[in-house]
A.B. asks: 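My structure is below; once you've seen it, I'll send some questions.
Owing to the predicted nature of the structure, the values given are computational and were not obtained by experimental measurement.
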Amino acid sequence: MAVDWTQLPRDILESISKNLTVYTDYLGFRAVCHTWRISVPKIPHHLPPQLPWLMLPLSQSLSHQTHRSFFDLSLLKIHLLKLPEASHRKRRCGSSNGWLVILDETPTILLLNPLTRAKLNLPPLSTFPNVVTFNYSKIGREYALRDSFGNNYSRNLTEMRDSFIKKLVLSSSPTRDNDFIALAILNQTGDLAFCKNGDQAWTFIHEARFFSEDVIYYKNQFYAVDKHGKIAVCEVRGEDSPRVSIIEMPPLIGGDIYYLVNSEDELLLVTRYLDLQFDDADPYILNGFYKTVRFGVFRMNWSGLRWERVENLGDRILFVGDNSSFSLSASDFRGCSGNCIYYTDDYCEFNYDCGFRDYDLGIFKLWDGSIEPLPCYHPNSLSQLRWPPIWVSPNPC
């Protein structure tokens, strides 16, 4: 006698669903039949952090499209999501807790969850402390800004979209935590600025200026790193915030880009080394470009306040780039190897004077120093647009 699986008791269906840890598996479970779908919540709040998807760049031939492609590392397939808010004229300057940070040629700073289409506006660009005025009627110099020496200068809409903010990170998902905080790294001045949910403007963290290599939210505080590996711990929740503590330590030598990563409650510093290479396709044109050649990994020794080199990450995978850097266990997911760094290109959009190049992304294997391409990406340098791929953690809540 055949079993009618659609008639399983609701409590059993709920128990099964709570043991599913991958978001796409949960979607498949709800899609079995109407009974299964209505027996479990639409939004699975129990899910652990997910293997990120890679948001792929649009090509020129598809630049008018309202959908964006995301490559799923675990399933080795592409998901096509309707995201007109992330069209080719809009720049994403961060990905944090499953939310994209979107800028366009207006002062708006938009937070967008690509899975749920939830949206939230942060205080606009015109409310940063170094922005003196904003006026649409002053075409080509809509923004007036003041530098640290008191001198005024102007920026147009495109320049502010492309180069004012380097990266923006969130303390938590806005839908899970109404008290979330956003922190922005300014690209040219080295300033850090934050806003709490509900704030009308951004606030500078003056004591942490130039700690602008990378920022993460770690143990209820923001940690920022400078070019020498020195750390600024920023407390921005209290009434007397912001308060900054500087962790002095022996300087690190080497590395072109720094990332901070929380890996199993350990604070890691990842150093990325770039090499200037030249395209020899045309001997009469000197066309230089940068390429990643290796990484270094260090862990914080809290007793001695120094960075110690890590030779083996074990089962851990690190994901770095324009996203808020993070770490996962390889054994929890299909299609991934531990002791690796999965990296994307987070500098090319500021270095386009030398023409279009293939994006600099791949998988760095810590045990032998080799680099292999990501399985999803087959670049065509003639069709790519400016914004490179970025890691996005699928977060339905």
A.B. asks: I'd like to know if the side chain of N178 reaches the main chain of P174, judged simply by a donor and an acceptor atom lying under 3.5 Å from each other, with no hydrogens or angles considered.
C.D. replies: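 No.
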A.B. asks: Salt bridge between E14 and R10, side-chain N to carboxylate O under 4.0 Å?
C.D. replies: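 The answer is yes: the pair qualifies as a salt bridge.
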A.B. asks: For residues D315 and S331, is any side-chain donor paired with an opposing acceptor at under 3.5 Å?
C.D. replies: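 Present: a donor and an acceptor within the cut-off.
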A.B. asks: Any salt bridge between K166 and D346, counting N to O under 4.0 Å?
C.D. replies: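 Here K166 does not pair with D346 in a salt bridge, since their nearest N and O are not under 4.0 Å apart.
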A.B. asks: Taking the side chain as every heavy atom from C-beta outward, state whether I109 and L125 have any atom pair closer than 4.5 Å.
C.D. replies: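 In short, these two side chains touch, coming nearer than 4.5 Å.
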A.B. asks: Between the side chains of R243 and E207, is the shortest nitrogen-to-carboxylate-oxygen separation below 4.0 Å, so that they form an ion pair?
C.D. replies: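 Salt bridge absent between E207 and R243.
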A.B. asks: Angle between ring planes, F128 versus F164, binned at 30° and 60°: parallel, tilted or perpendicular?
C.D. replies: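 Taking F164 first and then F128, their aromatic rings stand perpendicular (interplane angle over 60°).
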A.B. asks: Counting C-beta onward and ignoring hydrogens, is there a side-chain heavy-atom pair between L328 and P52 closer than 4.5 Å?
C.D. replies: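 Answer yes - side chains close enough.
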A.B. asks: Determine whether L170 and W99 make a side-chain contact, defined as any pair of heavy atoms from C-beta on separated by less than 4.5 Å.
C.D. replies: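 Yes, close enough: below the 4.5 Å cut-off.
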A.B. asks: Are any side-chain N or O atoms of E266 and backbone N or O atoms of S263, one a donor and one an acceptor, separated by less than 3.5 Å?
C.D. replies: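 Looks like no, no N/O pair under 3.5 Å.
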A.B. asks: Checking T108 side chain against L110 main chain: does a donor-acceptor pair fall under 3.5 Å?
C.D. replies: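 A pair under 3.5 Å: no.
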A.B. asks: Between F295 and Y343, is a ring pair (Phe, Tyr, Trp, His ring centres under 6.0 Å) present by the stated rule, with each step listed?
C.D. replies: CA-CA 10 Å; F295 285 86; Y343 65 94; 5.1 Å; yes
A.B. asks: I'd like to know if the side chain of S393 reaches the main chain of W53, judged simply by a donor and an acceptor atom lying under 3.5 Å from each other, with no hydrogens or angles considered.
C.D. replies: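 No; judged by distance alone, with no hydrogens or angles, the pair does not exist.
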A.B. asks: Could you tell me whether the side chains of N97 and N395 share a donor-acceptor contact shorter than 3.5 Å?
C.D. replies: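 There is no such pair between these side chains.
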A.B. asks: Tell me, do W367 and C340 make a side-chain contact under 4.5 Å, heavy atoms counted?
C.D. replies: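 Sidechains of C340 and W367: in contact.
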A.B. asks: Of all heavy-atom pairs between N187 and S163, which one has the smallest distance, and what is that distance?
C.D. replies: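 The answer is CB-O, 3.0 Å.
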A.B. asks: Working to the nearest 0.5 Å, report the span between CZ of R117 and CG of L81.
C.D. replies: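 Interatomic distance, R117 CZ to L81 CG, rounded to 0.5 Å: 9.5 Å.
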A.B. asks: Going by atom types only, do D177 and S172 share a side-chain donor-acceptor pair under 3.5 Å?
C.D. replies: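 Looking only at side-chain atoms, S172 and D177 do form a donor-acceptor pair, the distance falling under 3.5 Å.
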A.B. asks: Would you find a donor on one side and an acceptor on the other, under 3.5 Å apart, between the side chain of K167 and the backbone of N323?
C.D. replies: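 Judged by distance alone, yes, a pair lies under 3.5 Å.
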A.B. asks: Tell me whether H67 contacts the main-chain N or O of P84 through its side chain, where contact means a donor paired with an acceptor under 3.5 Å.
C.D. replies: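 Side chain of H67 to backbone of P84, a donor-acceptor pair under 3.5 Å: no, none is there.
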A.B. asks: Any side-chain donor paired with an acceptor under 3.5 Å for W391 and S95?
C.D. replies: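 Absent: no donor and acceptor within the cut-off.
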A.B. asks: Knowing that exactly one of Q50, K77, H79 qualifies, which makes a side-chain hydrogen bond (donor to acceptor under 3.5 Å, both in side chains) with D72?
C.D. replies: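 Testing each of Q50, K77, H79 against D72, the sole residue satisfying side-chain hydrogen bond (donor to acceptor under 3.5 Å, both in side chains) is H79.
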A.B. asks: Going by atom types only, do R146 and N130 share a side-chain donor-acceptor pair under 3.5 Å?
C.D. replies: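 Judged by distance alone, the side chains do not pair up.
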A.B. asks: Is R92 salt-bridged to D322, cutoff N-O under 4.0 Å?
C.D. replies: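 Between D322 and R92 there is a salt bridge, with a charged N closer than 4.0 Å to a carboxylate O.
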A.B. asks: A side-chain contact here means heavy atoms from C-beta on lying under 4.5 Å apart; do L252 and Y258 qualify?
C.D. replies: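 Contact flag for L252/Y258 side chains = yes.
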A.B. asks: Check L168 against A182 and note the closest heavy-atom contact, atom names and distance.
C.D. replies: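 Shortest heavy-atom separation between L168 and A182 comes out as CD2-CB, 4.0 Å.
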A.B. asks: Where is the tightest heavy-atom contact between N156 and R141, given as atom of each residue plus distance?
C.D. replies: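 Where N156 meets R141 most closely, the heavy atoms are CB-N, 4.3 Å.
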A.B. asks: Apply side-chain contact (heavy atoms from CB on, under 4.5 Å) to S137 and list each qualifying residue two or more places apart in sequence or on a separate chain.
C.D. replies: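 N135.
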A.B. asks: Looking at OG1 of T66 and CD of E85, how far apart are the two atoms once the value is rounded to the nearest 0.5 Å?
C.D. replies: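 So the OG1 of T66 and the CD of E85 are separated by 9.5 Å.
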A.B. asks: Classify the side-chain pair E105/T158 by whether it contains a donor and acceptor separated by less than 3.5 Å.
C.D. replies: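 Yes - a donor-acceptor pair under 3.5 Å links their side chains.
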A.B. asks: Are the charged groups of D104 and R161 less than 4.0 angstrom apart, N to O?
C.D. replies: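 Between R161 and D104 there is no salt bridge, as every charged N stays at least 4.0 Å from the carboxylate O atoms.
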A.B. asks: Determine, using the 4.5 Å side-chain heavy-atom cutoff (strictly less than), whether I216 and Y259 are members of one ILVMFWY cluster.
C.D. replies: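 No, I216 and Y259 fall in different hydrophobic clusters.
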A.B. asks: Side chains of V244 and V233: does their closest heavy-atom pair fall under 4.5 Å?
C.D. replies: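 When only atoms from C-beta onward are counted, V233 and V244 do not touch, as no gap falls below 4.5 Å.
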A.B. asks: If only atom types and distance count, is the side chain of D345 paired as donor or acceptor with the main-chain N or O of P388 below 3.5 Å?
C.D. replies: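 Pair absent, no side-chain N/O of D345 close to backbone of P388.
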A.B. asks: Has K227 got its NZ or CZ under 6.0 Å from the middle of the six-membered ring of F210, at an angle within 45 degrees of the ring axis?
C.D. replies: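 Relative to the ring axis of F210, which defines the angle, K227 lies outside at least one limit.
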A.B. asks: Between Y218 and L267, what is the shortest heavy-atom contact and its length?
C.D. replies: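 Where Y218 meets L267 most closely, the heavy atoms are OH-N, 3.7 Å.
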A.B. asks: Mind checking whether L112 and L120 sit in one hydrophobic cluster, side chains of I, L, V, M, F, W, Y counted as touching below 4.5 Å?
C.D. replies: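 Different hydrophobic clusters.
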A.B. asks: Mark yes when over 12 heavy atoms from residues, nucleotides or ligands other than L276 sit less than 6.0 Å from its CG; otherwise mark no.
C.D. replies: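 Yes, the 6.0 Å shell around CG holds more than 12 heavy atoms from other groups.
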A.B. asks: Are there more than 12 heavy atoms of other residues, nucleotides or ligands under 6.0 Å from atom CZ of R89?
C.D. replies: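 12 or below, so no.
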A.B. asks: Measuring only between side-chain heavy atoms, which start at C-beta, is L313 closer than 4.5 Å to L318?
C.D. replies: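 When only atoms from C-beta onward are counted, L318 and L313 do touch, with a gap below 4.5 Å.
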A.B. asks: If you count the non-hydrogen atoms of other residues, nucleotides and ligands that lie under 6.0 Å from CH2 in W5, is the total more than 12?
C.D. replies: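 Not more than 12 within 6.0 Å, no.
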A.B. asks: Are any of the side-chain heavy atoms of Q221 and Y223 separated by less than 4.5 Å?
C.D. replies: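 Counting from C-beta outward, Q221 and Y223 do come under 4.5 Å.
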A.B. asks: So which atom in P107 and which in Y143 form the shortest heavy-atom distance, rounded to 0.1 Å?
C.D. replies: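 Where P107 meets Y143 most closely, the heavy atoms are CA-OH, 3.3 Å.
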A.B. asks: Between the side chains of K230 and E248, is the shortest nitrogen-to-carboxylate-oxygen separation below 4.0 Å, so that they form an ion pair?
C.D. replies: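 Salt bridge flag = yes for K230 with E248.
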A.B. asks: Taking the basic N atoms (NZ, or NE/NH1/NH2) and the acidic carboxylate oxygens, is any pair closer than 4.0 Å for D256 and R272?
C.D. replies: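 Not counted as a salt bridge, because no side-chain N and carboxylate O are separated by less than 4.0 Å.
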A.B. asks: If you take all heavy atoms of V293 and D275, which pair is closest and at what distance?
C.D. replies: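 Nearest pair, atom of V293 first, then D275: CG1-CB, 3.4 Å.
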